[in-house]
Each structure stands twice: as C-alpha cells, then as structure tokens.
Asks: 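Please read through the structure below; I'll follow up with questions.
Residue numbers start from 1 in every chain, and the chains themselves are labelled A, B, ... in the order their sequence lines are given, proteins ahead of strands.
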There are 2 protein chains.
Amino acid sequence: MATIKDVARLANVSPSTVSRVLANSPRISEETKRRVRAALEQLNYHPNAFARGLVTNSTGAIGILIPPSAEEFFVNPFFAEWMAGVAEVARQRGVDTVLSTSARGEIEMLDHMIRGRRVDGVLLIGTRRGDPVLKEISKLRCPAVLLGRPADPAHVSWVNNDNQRAAYDATLHLLNLGHRRIGFLGGASDLVVTMDRVAGYRNALVDYGVEPDPRLEVSSFFLEQGGYLGMMRLLAISDRPTAVLCADDVLAFGGMRAAHELGFEVPRDLAIVGFNDIRLAELAHPALTSVRVHMHELGVRSAGLLLEEIDQGKPLQRHVIVNHELVIRYSCGAKPIGTLTT
Amino acid sequence: MATIKDVARLANVSPSTVSRVLANSPRISEETKRRVRAALEQLNYHPNAFARGLVTNSTGAIGILIPPSAEEFFVNPFFAEWMAGVAEVARQRGVDTVLSTSARGEIEMLDHMIRGRRVDGVLLIGTRRGDPVLKEISKLRCPAVLLGRPADPAHVSWVNNDNQRAAYDATLHLLNLGHRRIGFLGGASDLVVTMDRVAGYRNALVDYGVEPDPRLEVSSFFLEQGGYLGMMRLLAISDRPTAVLCADDVLAFGGMRAAHELGFEVPRDLAIVGFNDIRLAELAHPALTSVRVHMHELGVRSAGLLLEEIDQGKPLQRHVIVNHELVIRYSCGAKPIGTLTT
DNA sequence: TTGAAAGCGCTAACAT
DNA sequence: ATGTTAGCGCTTTCAA
C-alpha cells in the first residue's frame, strides 16, 4: 500500500506538500498540484484513516448506539425507516455510520465508540427513566442526539414527536367514535415514549370524563408477538375494551392477529389504532389507522442535528419536534377521511 | 483523556508494560498487573482505536457495502432481518459494524472502507452480471463475503440460497395447483438473484410442458410500489396470468394491492407466491404463501464466514448454501399444509 | 519480568 | 510556495 511518503518521493516533493494537495490547500502551485496528483493517481494512493485520525482526532463517522434489545430494533420497520433517513444524510455529508454491535453494556459501548475515537458523535435511540447512558453523555460532553426526549434534564439535543399530544389526538378520535372502554397497548413502561403516550391517552380520557382504568393499560415488547400477547391480555378481562390504542404498528398487527384468533372482527367488534404509520399499515386488513410520526424525517433530523454538533465541536442542546398526523383508515371503524393534521 | 503514558506514570511502570497488561501478557507479574489495573481504573483509561489500529493494522470492525439503491435496502424487511443476523454475531464476537453510507460510487466506497482501513472486511449484498465491485475485491484480496452467488467466477466467499431450485419448487407448486399461465414478477433483471429465480421458474414450466412466455416475466424494483406497478403490467396483458411468482414478499404485497384494486380476489382469481417469508407474510390478507429463505441465518452465516476470513487473514473462497422451504398459506389457493421442505 | 526506543502514516506548526 | 520537524497514542522488537 502506497503511503504519503511514496507519493512524495515519486512527485519529488515533501510529504507535507502531498498532504496539502490532499487537503487542496490554496498555497500550493497548480504545477505542483498537478505533479502530485499524477503521482497519487499512479500509485493509486488512498489515505490511511488511522494515521489521519490519530492526528486530527476526528473520524468522519457517526455512531448509532443500538439498544440491548437489538432484535426489536432491527426488525421494526420504524427503525429501518429512521435509519434510512440517517443513512441518507450521512451519505450526503460523506460520513460513515457505525453500529455499536460490539461490547457488552450500553455504557461500555458508548465509551468504546466515543472515547475509543471510533466516531465523532452518537445517535441514541429512546431512553428510559434515570437512563445511565444519558448521564455518561453529559459527562463525556460529546456530540449526541437522542431520538425521543430525556426523562430527566440532560445535556443532549434531541428530536422527538409530541407523543403526548399524538396519543391524546388518537384517543380523542376513538372517544368521538363513541368508545368508552379504550385500552392502551404499549412497550416497556419505563420507556419515555411509552410514558408520554400513556399520559396523552389518559388525559384524553379524563378530559372526556372517562375514568382511566389501569387494567386497560398493558405493557409489552415491540414485536408482533408482543402485540399478540398484550392484546390477549386485554381481551381476556371481564369488561373488555371496545377499542385499543397501540403504541406501535407492529404491536397493532400482533394485536389484530390476537383479536382475529379470538373471533373478534376489526373494526366491528374492536377498533384498533396504531402508531408510526409504517408502510405496511396501509396494506393490513383492514388497513390500519395510525399516527404518522414521519420516521424518515426523524432520521434525517437526528443525523442533521448530530452533524451540526460535530461541526460546531460541541453539544448544542437543541430540540426539534417533528409533527404528526392521525391517518384514518379502516381499523378504527371511522369512515376514512384521510389525514387529520394537528 | 488519559493515555497509556499517564497510566504508566501513575503505576510507576513503562508504557510498554501497560500495553502488555492490556493485552494480558503472561510475562507480566501478577503484582504489576494489579498495580497497572488499579491505575487503569483510576484514570478510567480507554484505548485510542486510531493509535492501536495504526500499528496493528486491524480495526475490529466489519463493513456492509450498502448498494446504491439504499432505499430499497433499508426498507426491505429482508435486509433488516439479515442485518439483525449480522449484528448478532458481530456483537457476540465484539466487532463493530460500519455502514458504507459515505462516498459516491461503489468502488470508491470499497476503497474507502478497505484501503482506508476502516474495516477488516466487507459484506456485499447481491451482485449483478459483470459486477465491478467483485473485480475490485479480487484485486484487493481482502476478506469479503457476498450475499448471493457471483455471476462470473470471482475470488469471494459467498452465502446464498439455491434460488433456482427454490423458484423451481414454488413454480411447481403452482403448476400442481392447476395453473398454466404463471407470471414472474422480479427485481432488476441483471441481478443474479433475479436471473436464478427466473431460470428456476422457466425450468419448472418447461419440465411440465408449458411454454415460457416472455410477456409473463416482468422486472421491477424491490419496493411495494415496484410490485404494484409490475403486477399492473402483468394483469393488463390480454391472456393474463392466473398465478404469479414474486421474487420478493414486498413485491408480492404490492402485487396484491394492484390485484385488489383491479377487482381480482386473491387467491380465487389470482394465486400469488412470494419470496423470503418476511414476518408480515403471515399477517397479510390472505396470508402469503412464500419461500422461506432464512434471512436471519443468511446474516449469521455471512458474518460468521467473514469473521473467519478475517481471523485467517486471507480470502477463503468458501461457499455456503442455506436451505429453503415453501411455506404454504392462503394466497396460492392451496389448502395450507404447512411447510414443504426440500 | 520489565524498559527503551523505534515506528505505524499522517498533519501542522514553524522555518525558509 | 515548500520543506523540516515533531508528535498523535499505541505496539513491538531488542536489550537488560
């Protein structure tokens, strides 16, 4: 492998000149540039990222801190779409994306990435109450963007939906449709996203004069199977819900399967509303009413913000809220009117 | 940030001793190890990947060369499941996964990754006839594993399904069901995976005494929309097919939507068989008959093979075929009998 | 069992 | 406009 020295020798200049040509410094004569570029070409030179990084202390890469529940991550279309957004801006800006598929704990991963100088900043996916990762981020003072809002005050930028409002809207829709026994099927209950969505759900009930019933709130995991199990529980209780708000479309799919298996017809016997509006929501049978959160844009904004922080070289603590819409289809039993923007 | 020197100073040893302790060299006394480890702990030392990589010439990371059509990649559940498999073994083996979301052309990306020493080896996703990437791989002689078989002889390991056989099986199933006008809806026609699947499809027809009709073979792109468009074309021809084999489940979903829109009922008016057996296949309406290719295992084997090559430090040129099964559900019109293993 | 010293390939003062 | 030099943080001979 040709090094910068080889190129320098061939072009009859010093290594620093080659380095300058590489950086396209204006203080190098065109003539020299030409000569050096010819040598670069001839030796098919390619810079060594290690050597460069060692001195510049920057990597040209951003990291994604994959949560411990990696399966839920990769397999959920939400994340795929989000990553597509991230990848889009990464590609545009010429940086690589590295997945923290290595170490053990989350803190170790973060250290591995940031302190090991493998990436210039990290994208965090979701958070829970008292999240140690966020504490470490604050300590590290490194560029980082969280998807979702932090539960406790923290020194991070984040991009999020107004989940409380979104869940409120969706619940209100169900209430307006005449439902009073409305269930909530969510992910892990200490996840901030879950907390916000239950809160919105409860608020809507209360504002409507309906007493929230804890038995109607079930937490599960973000997989189709999780939705299936959760819905089974919801439909087993004596005074079963006539409508269920699911905090994720995949959960909703699982829920629909469970309902179907138990002989309930959606939406006749049970109304269902999902969250995220993944592509398949439209294709489900019946087509799933869902809160569109603009996953791709969340990804674009996440990466954009992170790259900005990296450029600035410091945490910016900016927050962006991506808006949402309730996309009314058939699973909720309403006559589809298209999209309800809020 | 504490460096190895700081640790050395604090522990009253030389940097090389610290380095040895880090590598857990047996030639260091337990007593010294203890002292050094204490210093490591106290300073919360974390090694700099650049410095280490610069001397060891290895990265502890594997790369995934994202094809130019990045959208099709991220958004297709096939890839998500495959990546989950990759990530699983990467995590197990303690290596990071870097996504080539950077440069422009594919060759540039490969150079960026391999020659830029950002990763120790790469995973390639699919290939086409005369693929320049494979040529570059051969030239670089770097660890690399291709998902799919190369069109032309190449110096790579690969993991694949027997796509020709799989398509043959699926087509045979349709023939046995009484269909004679069978369409094929695939991805880009120069993709090897498409070539193999059409070949299997044609062979089955011929073996059954049915003359293949080129008008019944359409190529599209691997998105739901692609399936929709392709199916529209297939159903528009005068002597329309009564069954269609789709080279991808997402394509099949799009196809079902098109059929539905045109007023055809699946499977009564049109039998559909998909490929990959993504999770949602089971949830579709009607549930999609599909060739299960074991996406997750493909990922596990891909990464496993690559890591093995990296350990050996040289291309191994090994090939693994992951088996497939036809999972019979409702979209093909057969009475579901479960899984047809071959 | 440990230390000293060289060097991985590059960039960035500082000279000229 | 270009060269010289030092050094980024680590590993690894080679010596002791």
Asks: May I have the distance from Asn48(A) (atom CG) to dC10(C) (atom C1'), rounded to whole angstrom?
Replies: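 Atom-to-atom, Asn48(A) to dC10(C), this comes out as 8 Å.
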Asks: With sugar-phosphate meaning primed atoms plus P, OP1 and OP2, does Ser19(B) contact a base, only sugar-phosphate, or nothing at under 4.0 Å between heavy atoms?
Replies: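 Base contact.
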Asks: Under a plain distance cut-off of 3.5 Å, with no hydrogens placed, do Ser58(A) and Asp120(A) share a side-chain donor-acceptor pair?
Replies: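 Their side chains do not contain a donor-acceptor pair, so the 3.5 Å distance test is not met.
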Asks: Which of the following nucleotides, dT4(D), dG3(C), dT12(D), is nearest to the side chain of Thr56(B)?
Replies: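 Nearest to the side chain of Thr56(B) among the choices is dT12(D).
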Asks: Ignoring hydrogens, what is the shortest heavy-atom contact between Lys5(B) and Pro15(B)? Give both atom names and the distance.
Replies: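 For Lys5(B) and Pro15(B), the tightest heavy-atom pair comes out as CG-CG, 4.3 Å.
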Asks: Ion pair present between Arg37(A) and Glu41(A), side-chain N to carboxylate O less than 4.0 angstrom?
Replies: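 Looking at Glu41(A) together with Arg37(A), the answer is no, because their closest N to O distance does not fall below 4.0 Å.
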Asks: Given atom CZ of Arg52(B) and atom C1' of dG9(C), what is their separation to the nearest angstrom?
Replies: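 Rounded to the whole Å, the gap is 18 Å.
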Asks: In whole Å, I'd like the distance from the CZ atom of Arg34(B) to the C1' atom of dT1(C).
Replies: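 Those two atoms, CZ and C1', are 15 Å apart.
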Asks: Looking at Arg9(A) and Asp6(A), is any side-chain nitrogen of the basic one under 4.0 Å from a carboxylate oxygen of the acidic one?
Replies: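 Looking at Arg9(A) together with Asp6(A), the answer is yes, because their closest N to O distance falls below 4.0 Å.
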Asks: Is the phosphate of dT1(C) approached by Ser29(B) (side-chain N or O, under 4.0 Å from OP1 or OP2)?
Replies: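 For Ser29(B), the contact criterion (side-chain N or O under 4.0 Å from OP1 or OP2 of dT1(C)) is not met.
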Asks: Where each residue is assigned the nucleotide of DNA chain C containing its nearest heavy atom, which of Val18(A) and Asn12(B) is assigned the position nearer the 5′ end?
Replies: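 The 5'-side residue here is Asn12(B).
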Asks: How many whole angstroms separate atom CG of Leu22(A) from atom P of dT2(D)?
Replies: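 These atoms are roughly 15 Å apart.
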Asks: Is Arg27(A) touching bases, backbone alone, or none of the nucleic acid, heavy atoms closer than 4.0 Å?
Replies: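 Here Arg27(A) touches the bases of the nucleic acid.
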Asks: It should be established whether Thr32(B) places a side-chain nitrogen or oxygen under 4.0 Å from OP1 or OP2 of nucleotide dT2(C).
Replies: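 For Thr32(B), the contact criterion (side-chain N or O under 4.0 Å from OP1 or OP2 of dT2(C)) is met.
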Asks: dG3(D) phosphate, OP1 or OP2: any side-chain N/O from Ser14(A) under 4.0 angstrom?
Replies: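 Answer yes for this pair, as a side-chain N or O of Ser14(A) is under 4.0 Å from OP1 or OP2.
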Asks: Quick one: the side chain of Arg20(B) and the base of dG3(C), do they pair up donor-acceptor inside 3.5 Å?
Replies: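 By the distance-only test, yes, there is a pair.
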Asks: Remember a base hit wins even if backbone is also touched, and classify Ser16(A) as base, sugar-phosphate or nothing at under 4.0 Å, heavy atoms.
Replies: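 The answer is base, as Ser16(A) lies within the cut-off (heavy atoms under 4.0 Å) of a base atom.
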